[in-house]
Amino acid sequence: MDPVAPAAPDGAGGVTTAPRPVDDAPRPGGRLPGLDGLRALAVVAVVVFHLDPSWLPGGFLGVDVFFVLSGFLITTLLLREREGTGRVDLRGFWARRARRLLPALLVLVPSAVLLARVAEGDLLVGVGRQVLGALTFTSNWLEVAAGTDYFAATSPTLLANLWSLAVEEQFYLLWPLALLALLRAVRRPEARAATALGLALASSLLMALRLDPTAPTRVYYGTDTHATGLMVGAALALALAAPGRAGTASALWERHRRTVGALSLIVLGALLVLADEQSALTFRGGILLASLATAGVVLVVVERPGRLRALLDLPAARWVGSRSYGIYLWHWPVVLVVGQDIPVTPGGLDYVLTRGWAVLVTVAAADLSYRFVETPVRRHGFRGAFRVLAGRMRRAGTRRARTVWAVLLVAAVATAAVMVTAPDRTATEQLIEANEAALAREAAATSTPTPSATRSTASARAAGTRPSAVDWSMPKGSEVDAFGDSMLVGAKQAMEYYFPKIRMDARSNRRWSEAPKLVGARGDGLRRVVVLAFGTNFGTDARSIERTLREIGPDRMVVVLTVHGRYARAGTDNEQLREVVAGHDNVVVADWDRALADTSGMLQSDGIHPSIRGAHLYSATVRTAMAQLSEHKTGKPVRLKPIPLP
């Protein structure tokens with residue numbers, strides 16, 4: 001048997017790029033069994049990650065599974081066309097890629113824009129740039145130029161998932177030319193495969209060298225730094241095309257085939273579960289390892305029938321895999337729109353149900369796209385599909401035809417109008433900017449207190465003495481200092497309402513490593529109660545927290561807030577925070593994350609910062625924690641008077 005099942009022409013189903021719809025027309029050898037199932041696995045991983053990153057922290061690596069499949073299948077197609085005809089019809093190749101990509105994309109883009117306008121205007125920030133990137137397949141570079149952060153949920157990008165489509169399309173444009181040059185310049189098939197593998201390693205090395213761990217989007221979006229999977233797939237296709245390879249390697253391969261398949265699946269599964277977008281190791285070898293593991297699975301599946309191929313070729317897997325392109329296109333805009341339409345905070349059954357609803361809508365939209373948009377164009381071409389549609393409309397009657405054309409015209413005009421009137425910044429960004437300006441004015445108006453002759457608590461400890469008495473009673477607002485990041489900035493008005501005359505030092509994008517210096521700068525003027533709210537952007541830093549608490553000392557009340565967000569590290573960050581705090585008797589955790597469980601309407605459109613109602617919950621959570629610490633230290637119950645909403 002051929003090591004790779006014979007590939008039908010590009011219009012047939014087997015040799016298709018991923019995520020890509022597959023033509024299931026029953027042509028002999030037209031489909032590579034099992035690869036639809038691998039597409040299904042990849043798209044499910046990506047969808048689960050976007051539903052909630054904590055459910056599958058490494059699910060974003062599903063994109064790299066798609067990349068390996070794309071590199072393998074497209075290279076196989078080009079090699080077989082050249083072998084069969086002596087040439088490669090580049091114009092025809094690119095035309096067929098357009099027929100595969102554009103129909104579903106041209107339906108998705110206006111639909112997503114109009115749905116976002118109905119659900120939440122903040123989702124439209126930057127939508128003009130996003131639509132341009134979608135239609136020109138340059139989304140990745142436009143988003144890099146705009147400074148978009150793929151892994152931050154603070155400013156959701158409506159069409160963020162199209163970055164990978166741009167990378168693939170750029171690959172389709174450049175790789176056929178490079179492959180033809182490679183075939184002419186290098187005669188030995190093994191050397192060709194080694195060259196492609198070398199390009200994969202070079203891309204992975206470039207990603208590692210150019211990585212900024214605090215902002216990995218550049219290397220993740222870059223075609224130069226994220227071509228690893230594409231080139232690994234291409235290398236596999238070139239290796240399998242080497243003449244005589246099957247005969248010389250068959251005995252060795254048969255002995256280790258099952259082991260390779262099992263190890264590849266284990267490695268890929270482990271990475272999907274354990275990888276983290278906040279870990280530098282993910283970008284310094286993790287993506288390469290995921291690509292190699294995927295190549296191992298592909299090799300086992302295409303070489304010969306077996307249990308793995310049978311599993312991946314189950315009808316359900318084929319169904320999902322054939323619609324993986326549509327599922328991939330639709331899922332992210334649907335998740336954002338459903339999240340705004342039904343704003344439920346993670347942590348309860350209602351949240352799970354809303355995620356399930358987003359999945360149902362996604363699958364339904366993808367299936368409709370597959371049946372009525374993608375398949376007709378794939379079978380008949382753009383002109384043929386248009387003629388079929390026009391014929392059906394004529395048979396439906398003039399009135400219905402006019403209605404359909406009117407709806408399409410209105411949708412086009414409405415989409416253009418929405419793009420023209422889209423906001424430049426989200427409401428959250430405007431609120432934080434205004435609050436930061438107000439905090440800066442307040443800080444400038446308040447002169448920094450001159451250190452008094454009285455020694456601070458820290459100075460007293462250094463001298464070997466302790467204050468005669470420490471006040472652990474419930475504080476007034478004038479006795480509270482608060483330091484933090486944009487979460488505290490967003491809650492400014494509510495914190496001042498709950499704690500009149502509180503002194504706040506907060507700014508966006510702060511991290512825990514800045515906290516010791518901020519606290520230390522107060523010197524003797526540091527108030528007896530300190531609120532610390534860091535970690536939203538850059539995670540928990542145990543050493544910096546310890547340094548901050550030592551700077552404050554054991555004779556002040558300290559409240560530390562947990563973080564909340566739809567990112568994988570939130571849970572581990574909070575666990576680490578509790579571990580650090582557990583060793584300090586004067587510190588209490590205000591569990592903002594737990595307070596949000598089973599609530600709705602408490603967060604802004606970004607799913608991170610508190611809304612007006614949420615800011616009051618945030619402040620009440622801090623107040624309750626203060627009361628708990630006071631009760632613990634004094635042994636006396638604290639009765640909190642209800643604070644009415646303004």
Side-chain angles (χ1 to χ4, degrees), residues 13 16-24 31 34-56 59-63 65-66 69 100-116 118-119 123 134 156 158-165 168 272 311-344 346 349-378 566:
T16 58
T17 51
R20 182 82 61 250
V22 178
D23 186 346
D24 289 324
R31 189 179 64 86
L35 296 193
D36 274 346
L38 198 52
R39 287 189 188 91
L41 174 65
V43 79
V44 167
V46 174
V47 170
V48 172
F49 174 76
H50 282 152
L51 289 173
D52 193 308
S54 65
W55 293 351
L56 193 65
F60 60 94
L61 293 175
V63 170
V65 177
F66 281 133
L69 286 169
R100 292 296 183 87
L101 292 169
L102 287 176
L105 189 65
L106 293 176
V107 172
L108 166 80
V109 170
S111 300
V113 171
L114 295 177
L115 287 172
V118 174
L123 296 178
L158 181 64
L159 302 176
N161 56 321
L162 300 188
W163 75 270
S164 63
L165 198 63
E168 286 206 40
L272 292 175
L311 179 64
L312 292 174
D313 209 35
L314 290 173
R318 288 186 57 187
W319 192 94
V320 174
S322 65
R323 291 156 178 78
S324 60
Y325 178 51
I327 292 173
Y328 184 84
L329 285 183
W330 282 94
H331 83 279
W332 179 242
V334 168
V335 167
L336 291 182
V337 169
V338 169
Q340 296 303 321
D341 192 45
I342 313 175
V344 179
L349 177 60
D350 288 345
Y351 176 73
V352 175
L353 292 176
T354 62
R355 303 291 97 178
W357 174 242
V359 171
L360 288 176
V361 173
T362 296
V363 173
D367 186 52
L368 291 172
S369 173
Y370 178 78
R371 293 173 183 270
F372 301 110
V373 179
E374 300 166 48
T375 299
V377 175
R378 185 171 61 250
R566 287 182 56 253

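Hydrogens, waters and symmetry mates play no part in the numbers below; they use all other heavy atoms, side chains included.
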Testing the basics here: between [X] and [Y], what is the closest heavy-atom pair and its distance to 0.1 Å?
X: L272; Y: G62; result: CD2-N, 4.2 Å
X: R39; Y: G321; result: CD-O, 3.8 Å
X: E374; Y: S369; result: OE2-OG, 2.6 Å
X: A317; Y: G37; result: CB-CA, 3.8 Å
X: L312; Y: G34; result: CB-O, 3.3 Å
X: T354; Y: V344; result: CG2-CG2, 3.9 Å

Under 4.5 Å between any side-chain heavy atoms of [X] and [Y], yes or no?
X: N161; Y: P333; answer: yes
X: R100; Y: Y325; answer: no
X: L105; Y: L162; answer: yes
X: F66; Y: S164; answer: no
X: R355; Y: V352; answer: no

Nearest 0.5 Å, please: how far is [atom2] in [Y] from [atom1] in [X]?
X: L41; Y: L35; atom1: CG; atom2: CG; value: 12.0 Å
X: L314; Y: W319; atom1: CG; atom2: CH2; value: 15.5 Å
X: I327; Y: S322; atom1: CD1; atom2: OG; value: 8.0 Å
X: L336; Y: L115; atom1: CG; atom2: CG; value: 11.5 Å

Name every donor-acceptor pair, under 3.5 Å, that has one atom in a side chain of residues 43-50 and the other anywhere in the protein, sequence neighbours excluded.
unit_1 : atom_1 : unit_2 : atom_2 : d
H50    : ND1    : H331   : NE2    : 2.7
H50    : NE2    : Y150   : OH     : 3.0

| task | May I ask you to decide if A40's main-chain N or O and S324's side chain share a donor-acceptor pair within less than 3.5 Å? | result |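 No; judged by distance alone, with no hydrogens or angles, the pair does not exist.
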
| Among L51, D52, I342, side chain to side chain contact (heavy atoms under 4.5 Å, CB included) partner for Y351 |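 Exactly one pass, corresponding to D52.
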
